[in-house]
Amino acid sequence: MSVTIYHNPRCSKSRQTLQLLQAHDVEPAVVEYLKTPPDADELRNILNMLGMSPRDLMRKKEAEYKDAGAGDPDLSDEQLIALMIAHPKLIERPIVIRDGKAAIGRPPEQVLDIL
């Protein structure tokens with residue numbers, strides 16, 4: 001079983017999700033997405049697995065959301081994806097992926113559905 005977590009070690013929910021996976025004997029590949037953001041294809045794939053639109057995956061309370069003008073309703077999905085790549089802090093976290101399925105660890109227990 002191959003499991004990946006898009007992780008921000010400074011985020012409590014992300015740390016709790018990683019601990020929860022480890023408590024279930026899952027040692028995921030850890031991607032610190034602020035240091036290594038996904039590219040556009042990877043992000044599109046994640047969105048498809050989550051069944052979400054780019055705007056649904058954005059952290060709207062981050063300063064970067066306002067500063068980058070991400071709230072503009074006229075922005076296309078591709079423009080929103082480009083903003084998330086340029087400002088990875090906008091990507092909701094943590095995201096756990098396993099065998100073509102993905103879940104957001106909010107709450108952390110939600111990722112157990114794909115294990």
Chemist: As an exercise, state the distance from CG of Leu43 to CG of Leu47, rounded to the nearest 0.5 Å.
Modeler: 5.0 Å

Chemist: To the nearest 0.5 Å, how far apart are NE2 in His87 and NZ in Lys89?
Modeler: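 Nearest 0.5 Å value for the NE2-NZ distance: 11.5 Å.
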
Chemist: Just how far is it from atom NE2 of His24 to atom CD of Gln19, taken to the nearest 0.5 Å?
Modeler: 13.0 Å

Chemist: Nearest 0.5 angstrom please: Leu83 CG to Leu75 CG, how far?
Modeler: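 Reported value, rounded in 0.5 Å steps: 6.0 Å.
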
Chemist: Please examine the side chains of Asp99 and Ile114, heavy atoms only from C-beta on, and report whether any two atoms are closer than 4.5 Å.
Modeler: no

Chemist: Give the C-alpha distance, both sets of side-chain angles, the deciding distance and a yes or no for side chain to side chain donor-acceptor pair (under 3.5 Å) between Tyr6 and Glu92.
Modeler: CA-CA 9 Å; Tyr6 286 82; Glu92 185 60 85; over 6 Å; no

Chemist: If you apply the rule side-chain contact (heavy atoms from CB on, under 4.5 Å), what do you find for Arg59 with Glu64, and how did you get there?
Modeler: CA-CA 9 Å; Arg59 296 176 57 83; Glu64 288 85 348; over 6 Å; no

Chemist: Please lay out, stage by stage, how Val96 and Gln110 fare under the test side-chain contact (heavy atoms from CB on, under 4.5 Å).
Modeler: CA-CA 10 Å; Val96 176; Gln110 197 161 287; over 6 Å; no

Chemist: Mind checking whether Leu57 and Ile104 have side chains closer than 4.5 Å, heavy atoms only?
Modeler: yes

Chemist: Can you spot which of Thr4, Ile5, Leu115 makes a side chain to side chain contact (heavy atoms under 4.5 Å, CB included) with Arg98?
Modeler: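 Among Thr4, Ile5, Leu115, the one that satisfies the side chain to side chain contact (heavy atoms under 4.5 Å, CB included) with Arg98 is Leu115.
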
Chemist: For the hydrophobic clusters of this structure (ILVMFWY residues joined by side-chain heavy atoms under 4.5 Å, transitively), does one cluster hold both Met58 and Met49?
Modeler: yes

Chemist: Are there over 12 heavy-atom neighbours, none belonging to Lys60, within less than 6.0 Å of that residue's NZ?
Modeler: yes

Chemist: Does Glu78 pair with Arg44 as a salt bridge, N-O distance under 4.0 Å?
Modeler: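 Yes, this pair counts.
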
Chemist: Can you tell me how far CD of Glu32 sits from CG of Asn8, rounded to the nearest 0.5 angstrom?
Modeler: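 Between atom CG of Asn8 and atom CD of Glu32 there are 7.5 Å.
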
Chemist: Would you check, one step at a time, whether the test side-chain contact (heavy atoms from CB on, under 4.5 Å) holds for Lys13 with Arg93?
Modeler: CA-CA 8 Å; Lys13 292 285 185 221; Arg93 61 184 179 254; over 6 Å; no

Chemist: Taking atom CZ of Arg55 and atom CG of Leu90, what is their separation to the nearest 0.5 Å?
Modeler: 11.0 Å

Chemist: Give the C-alpha distance, both sets of side-chain angles, the deciding distance and a yes or no for side-chain contact (heavy atoms from CB on, under 4.5 Å) between Leu18 and His7.
Modeler: CA-CA 8 Å; Leu18 181 56; His7 178 60; 4.0 Å; yes

Chemist: Is there a path of hydrophobic side-chain contacts, each under 4.5 Å between heavy atoms of I/L/V/M/F/W/Y residues, joining Ile85 to Leu80?
Modeler: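 Leu80 clusters together with Ile85.
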
Chemist: Taking Val3 as the starting point, is it possible to reach Val30 by hopping between hydrophobic residues whose side chains are less than 4.5 Å apart?
Modeler: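 Yes.
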
Chemist: Scan Ile91, Ile95, Asp41 and name whichever one has a side chain to side chain contact (heavy atoms under 4.5 Å, CB included) with Ile46.
Modeler: Ile95

